Q: 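Below is one structure. I have some questions about it.
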There are 4 protein chains.
Amino acid sequence: MARSPMMRDRVSASILDAAATLLAEEGDSASMAQIAASAGVGRATLYRYFPTREALVRGLSSAAIDDLAGRIDAAALDQVPVREAVARTVRAFVTAGATWAALARIGREDWKDPVDLETRVVTPVRALLERGVADGTLRRDLPAQAVVTLFTGMLELGLRLVLEQGLGVEDASATTTALFLDGAAAQES
Amino acid sequence: MARSPMMRDRVSASILDAAATLLAEEGDSASMAQIAASAGVGRATLYRYFPTREALVRGLSSAAIDDLAGRIDAAALDQVPVREAVARTVRAFVTAGATWAALARIGREDWKDPVDLETRVVTPVRALLERGVADGTLRRDLPAQAVVTLFTGMLELGLRLVLEQGLGVEDASATTTALFLDGAAAQES
Amino acid sequence: MARSPMMRDRVSASILDAAATLLAEEGDSASMAQIAASAGVGRATLYRYFPTREALVRGLSSAAIDDLAGRIDAAALDQVPVREAVARTVRAFVTAGATWAALARIGREDWKDPVDLETRVVTPVRALLERGVADGTLRRDLPAQAVVTLFTGMLELGLRLVLEQGLGVEDASATTTALFLDGAAAQES
Amino acid sequence: MARSPMMRDRVSASILDAAATLLAEEGDSASMAQIAASAGVGRATLYRYFPTREALVRGLSSAAIDDLAGRIDAAALDQVPVREAVARTVRAFVTAGATWAALARIGREDWKDPVDLETRVVTPVRALLERGVADGTLRRDLPAQAVVTLFTGMLELGLRLVLEQGLGVEDASATTTALFLDGAAAQES
DNA sequence: CAGTAAGCGAGACGGTACGTCGGGTCTTACC
DNA sequence: GGTAAGACCCGACGTACCGTCTCGCTTACTG
């Protein structure tokens, strides 16, 4: 059936859109019925695409991770100096995150698809940080895994600057990048 | 009734304990009935103390903030050099946070009592950072509000190092402090 | 709890009443929600009393059989001549049945609680017919079990005369009794 | 298309067969999908032939009534004595009914096509009973309409003897006929 | 020391969301 | 042009949880 794949994607997309909007607005209290209605689709159809509320959130998360992974790929992190690559990473996350604000309103563990996120986002970031350590751009006296965690966490903080404080994407990214790279302490020239 | 106040506190405490444990274990899916049972208390009594699930979470949050505020007071932030005060703040939060892991599993906006947290925790932190800027310890080229947000966010990240990666409290605090103050970039000689 | 048993009965009765009315009116298409609403009770409460639609119908059936068994007991079938006892049985069934018209609109096998109906209604009827055969009032050339089945079936037919044809209870009973006892053929002088 | 009419009948027949079997086995809980599958036909096709579940049941009923009407016609009721004609009617119904056991498991009002049944079955029966009254074979002291209802009802009871008690068709018919004509009371010679 | 008022457990209740399922309508591809 | 496949909407079903309520009991203060 030719229409199947296309239609499936269209419907799926409109459901994800509606879900993203509603969940961002009303948080976890948005009901499946509301989401279905807001997607212009029957409740049964919603369940056909995402058999569970949790599956829907995972779908949202998958889309977000796809989006983010695309931006990170496009950033060509391994072809620019480490400091620039870090800046691009922050900018990519903050920009993407603004699109998927819904996920910021939902519990942490729920949506982090452990596989996708790890392989498609964390891995390049880890590689970037390792390259930085290797070429002497980044300090080597901090535990690597902890730095990865802190950096990915700071990506969310940069997003929070935009969502909760109304900072511009560029300002938020720049500040976050600056803090991560050089810290808050005044440089003792 | 003389026993009232004491009893109220005892019961309230055991409810909060049970809630903290259960919510930390099972997240948002723990039901009020489970919490009541696990506190050795009738469901009705639970509702007498916390008329709403949200009120219960707020109670948890209040206790956590009390705890944290106590530690911050005890840290005498304004009587030690800024760098040391920052380290103490991180350590205080990470230490306290481990006790209140439950709150880390629940959505952001739910539990942040906007008043208490702001006045008792954020204010001293803001003061500390302002002092740092004023005395030249901290850089002045970053937007103050954003730095406050990033720093408080990094406190949570430090906690995450402990909860999710099994890092020790001291290591997590040290790494977080180092990253916040001096950044990840290698110092240029 | 003193109120429990009484209240349970009151609520249960009002649910059964509402169910009887609605099912008699609209047949199987009446929804559980409608029944609950019409009983002045929440849907959840309805399910607390009758965990399944089928259980509700069984409850209806139980009440109907109780009712009918009471009337049959009151008829003292074994203390009057067989012909009179047959007449009383028919009258009892037709009278009771009019109260439980709902069950006439629902599938046969669903509601016939095989135990209660058999022991409390069919047994006395069988005894009555056997007595009739023994004392020479009833013919002995027909298979006993078949006669029991035909008689109990004719009870339903007598009820049908009332429900579907608007015959009076007395007329319907008399005609049914007459047909069962003496048949439709003219007595040969 | 020349093959249409034939095909329509073939498909229609296989659907009716499947429906009769399934409904007889599982009662009202058989789903349209099951019936379609069991007829080796797509669900959509089933709906093309019988746009509604109710229409399908009516179709079943129509076929049953056709069958029954054929047998009644063949019985030449008006050309034999009344008692014999009654016996033939009972035998016709019981024989036909065994083929359409499905309908015995479904609610009364659903399948009785008011037109067909009335004109093709009840009318001859009524005529037969009226003839009996007119020629003195049947008693005249019972309300005619009620006797018709009771007699048609007893036809179903005779069928029930076969379906539920395993009686042979001949025995069941004979007993039912005997009971209807001469009653259960011993003849007072 | 007996009476009493408060807090407690137990649990029924109305309401609402969830996930499942069947009915009936429709479109698309195949033959 | 009719058939099979199957997506879609609608609404009922049965389950679970929330927050409210009313009981009857215990318990610790009070006259």
Side-chain angles (χ1 to χ4, degrees), chain A residues 1-4 6-8 10-11 28-37 40-56, chain B residues 1-4 7-8 11 28-37 40-56, chain C residues 1-4 6-8 10-11 28-37 39-56, chain D residues 1 3-4 7-8 11 28-37 40-56:
Chain A
M1 235 178 264
R3 164 229 201 180
S4 266
M6 202 177 67
M7 266 319 234
R8 272 203 81 80
R10 292 188 62 81
V11 176
D28 232 341
S29 77
S31 77
M32 295 294 270
Q34 284 171 35
I35 294 174
V41 118
R43 209 163 65 93
T45 299
L46 169 53
Y47 276 102
R48 220 169 279 120
Y49 282 80
F50 302 98
T52 290
R53 188 193 186 88
E54 200 233 340
L56 174 59
Chain B
M1 220 176 280
R3 157 223 194 191
S4 269
M7 269 315 242
R8 276 201 78 81
V11 175
D28 229 343
S29 78
S31 75
M32 294 295 270
Q34 283 172 38
I35 294 174
V41 116
R43 210 164 65 92
T45 301
L46 169 54
Y47 275 102
R48 241 168 251 128
Y49 282 81
F50 302 98
T52 287
R53 187 192 186 87
E54 200 234 341
L56 173 59
Chain C
M1 236 179 262
R3 162 222 198 187
S4 269
M6 204 176 66
M7 269 318 236
R8 271 202 83 79
R10 290 188 62 82
V11 176
D28 232 343
S29 78
S31 76
M32 294 294 269
Q34 283 171 38
I35 294 174
V41 118
R43 207 164 68 93
T45 298
L46 170 54
Y47 276 102
R48 247 170 245 126
Y49 281 81
F50 302 99
T52 289
R53 187 193 187 87
E54 200 234 342
L56 174 58
Chain D
M1 215 176 285
R3 154 202 179 217
S4 268
M7 270 314 245
R8 276 201 79 79
V11 175
D28 230 342
S29 78
S31 74
M32 295 295 270
Q34 283 171 40
I35 294 174
V41 117
R43 211 163 65 93
T45 302
L46 169 53
Y47 274 101
R48 211 168 289 114
Y49 282 82
F50 302 98
T52 288
R53 185 194 187 87
E54 200 233 341
L56 173 59

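Just so you know, these numbers use all the heavy atoms, side chains as well, and skip hydrogens, waters and symmetry mates. Predicted, not measured: the structure shown is a model, and the values here were computed from it. Residue numbers start from 1 in every chain, and the chains themselves are labelled A, B, ... in the order their sequence lines are given, proteins ahead of strands.
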Q: How long is the line joining CG of B/Leu46 and P of F/dG19, in whole Å?
A: 10 Å
Q: May I have the distance from A/Arg10 (atom CZ) to F/dC8 (atom P), rounded to whole angstrom?
A: 12 Å
Q: By side chain to side chain donor-acceptor pair (under 3.5 Å), which residues pair with D/Thr45, not counting sequence neighbours?
A: none
Q: Let me know the distance between CG of B/Leu56 and C1' of F/dC18, rounded to the nearest Å.
A: 13 Å
Q: Can you see if the side chain of A/Thr45 gets near the phosphate of F/dA7 - specifically, an N or O under 4.0 Å from OP1 or OP2?
A: no
Q: Just N and O in the side chain of C/Tyr49: are any of them under 4.0 Å from OP1 or OP2 of E/dC13?
A: yes
Q: In chain order, what residues pass the side chain to side chain contact (heavy atoms under 4.5 Å, CB included) check against D/Phe50, with sequence neighbours excluded?
A: D/Ser12, D/Ile15, D/Leu16, D/Leu46, D/Ala55, D/Leu56
Q: Take atom CZ of B/Phe50 and atom C1' of F/dT20, then tell me their distance rounded to the nearest Å.
A: 18 Å
Q: Base, backbone or nothing for each nucleotide of nucleotides 18-25 of chain E, written B, S, -, heavy atoms under 4.0 angstrom, 5' to 3'?
A: SBB-SSBB
Q: Test of understanding: with salt bridge (Lys or Arg N to Asp or Glu O under 4.0 Å), list the residues that count as partners of A/Arg53, not counting sequence neighbours.
A: A/Asp28
Q: Any chance you could measure A/Ser31, atom OG, to A/Arg43, atom CZ, to the nearest 0.5 Å?
A: 8.5 Å
